[in-house]
2 protein chains.
Amino acid sequence: MTEPAAAGRARARSERTRSAILETALRLFAERGYDKTTMRAIAAEAGVSVGNAYYYFTSKDHLIQGFYSRMVAEHVVLTRERMAGQTDLAARVGIALACWLEVAEPYHRFAGQFFRNAADPASPLSPFSHESAPARLEDTALYREVLAGTGLKVSPEIADILPEMLWLHQMAVVLYWVYDRSPGQHRTRELAARTAPMVARIVTLSRYKVLRPLVRQAESLVRDFLIVDEEEAPGRDAV
Amino acid sequence: MTEPAAAGRARARSERTRSAILETALRLFAERGYDKTTMRAIAAEAGVSVGNAYYYFTSKDHLIQGFYSRMVAEHVVLTRERMAGQTDLAARVGIALACWLEVAEPYHRFAGQFFRNAADPASPLSPFSHESAPARLEDTALYREVLAGTGLKVSPEIADILPEMLWLHQMAVVLYWVYDRSPGQHRTRELAARTAPMVARIVTLSRYKVLRPLVRQAESLVRDFLIVDEEEAPGRDAV
DNA sequence: CCTGAAAGTTGAACACGTTCAACTAGGAGT
DNA sequence: ACTCCTAGTTGAACGTGTTCAACTTTCAGG
């Protein structure tokens, strides 16, 4: 499985160009915002031609995919670290959200411009798109850990879809965050701090008999409309 | 309060140009989609210059504001008509959603491109923006009617915010709709049909004692993070 | 009727994202 | 060494949304 040294050198060179472009782009995004960063500026600062940037990244949007996956990775690591030892569900959910906000903070300034494009279902940046699947799966996996770390017993069917629902909750918080213009986004932090216990409470309440039908309905709903995504649902043409 | 005939004539002329541009734009949007409709094409077909289009509409996005308010008006009328005589909450909510989908259907094709821009908080098209307030208020008022039409008694504090929550539910359905590529958007219709009874059920369940704390929390949450919008919240700079 | 200001209108010009035909290495096969 | 061939790279050119200084029309006030 070894490869010729020459090929390795070539690949390294290519990789260097690629990451030079990406680094420059992210830096400029953070400095000036997404809209005010032109492809020409990125290319110039990275020391390549405009066309070259397009050789590596299909569009300006695609540059963000790199940023996104990097952020998710950071989020997972930080959350794992902070959650350690904590077994209360509300606390763990709260930590996961707080970590996301912490990791995302430097980019809040251009988050709006970023999400504008992400909202187009056709865009590969949409959180529901095929291209975003890796990042999405990584994040739902994190919420699986969030749940697993509590001693909580939830009925197995629900346990299956709960991580997706927690992820959805995070998406809602993220949505609020995008719109949040309060200093340091403290309002979003407050929202997270207040909804985390509610979510946890709902999970424990879900065992009550009165709520059973509702829970069952909700479960089949999520299963039909969120999980099926992989084959027939929105984002793809149905047969 | 009468005005000179000349001023009236001038206003009429101006209004004619304005609506000629808007009509043309909406027609072309429906025909070719938002992205493929250029400002030059709109201006040409409307028989005006490009600059003139910008005299009446600050940007291409602003053309959609007109479309949006028109749609809300249709939605309100149709829903009122169909709801008449029906007193069951689930049914009424279901009707309201079905009507929205019916009214919106012709525009589904370019809805994605449209919502891309609406997702930018800075954009006046955002459903939470100041510019969208009239349409938003009209729609929440509709949901106030939806509730009023049932004999249901809900505790007064909740009754206050329930319309906003129903509107939020509609927004969620709309979000799904935007992403829905199933033929005739039947999946969204199904989603609406299935969630409407659940929403109604939650409303009636909200009186149970076990749920009281949760309901109270939810209520203050909505009050703090959704209603306050008017002064301090996201979309505006805090002090 | 005249006049000046306001409202309306024009199209060339700008900056941007994106494309593409052409060019340049650099290494594999002989 | 020589030839290809592929991956990498270039920048001029295209189509777009948007701006703006200049022009034209309209009409209230004299």
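Each chain gets a letter, A, B and so on, in the order the sequences are listed, and its residues count up from 1.
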J.: Counting side-chain heavy atoms from C-beta on, which of dG17(D), dT10(C), dG8(C) comes nearest to Val48(B)?
T.: dT10(C)
J.: Can you find an N or O donor on one side and an acceptor on the other, under 3.5 Å apart, linking the side chain of Arg13(A) with the base of dG8(D)?
T.: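 Looking at the base of dG8(D), it does not pair with any donor or acceptor on the side chain of Arg13(A) (distance under 3.5 Å).
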J.: Counting side-chain heavy atoms from CB outward, which of dT9(C), dT18(D), dA7(D) is closest to Val50(B)?
T.: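 Side chain of Val50(B) sits closest to dT18(D).
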J.: How long is the line joining CZ of Arg16(B) and C1' of dT25(D), in whole Å?
T.: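 Answer to the nearest Å: 14 Å.
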J.: Please report the distance, rounded to the nearest Å, between NZ in Lys60(A) and P in dT19(C).
T.: 14 Å
J.: Just how far, in rounded Å, is C1' of dA15(C) from CE of Met39(B)?
T.: 17 Å
J.: Nearest whole angstrom, please: distance from the C1' of dT19(C) to the CG of Asn52(A).
T.: 14 Å
J.: Could you check which of dG17(D), dT9(C), dT10(D) has an atom nearest any side-chain atom of Thr38(B)?
T.: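 Nearest to the side chain of Thr38(B) among the choices is dG17(D).
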J.: Go through dT16(D), dT10(C), dT26(D) for me and flag the one nearest to the Ser49(B) side chain.
T.: dT10(C)
J.: Taking the nucleotide of DNA chain C with the nearest heavy atom to each, does Gly51(A) or Arg40(B) sit closer to the 5' end?
T.: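 Final value for this comparison: Arg40(B).
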J.: The side chain of Tyr54(A) lies closest to which of these nucleotides: dT9(D), dT19(C), dT10(C)?
T.: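 Of dT9(D), dT19(C), dT10(C), dT19(C) is nearest to the side chain of Tyr54(A).
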J.: When you check the side-chain N and O atoms of Ser182(B) and Asp180(B), is any donor under 3.5 Å from an acceptor?
T.: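 The criterion, which ignores hydrogens and geometry beyond distance, is satisfied for Asp180(B) and Ser182(B).
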J.: Could you give the CD-to-P distance, from Glu15(A) to dA7(D), as a whole number of Å?
T.: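 Rounded to whole Å, this separation is 16 Å.
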J.: Please report the distance, rounded to the nearest Å, between OH in Tyr55(B) and C1' in dG17(D).
T.: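 Answer to the nearest Å: 20 Å.
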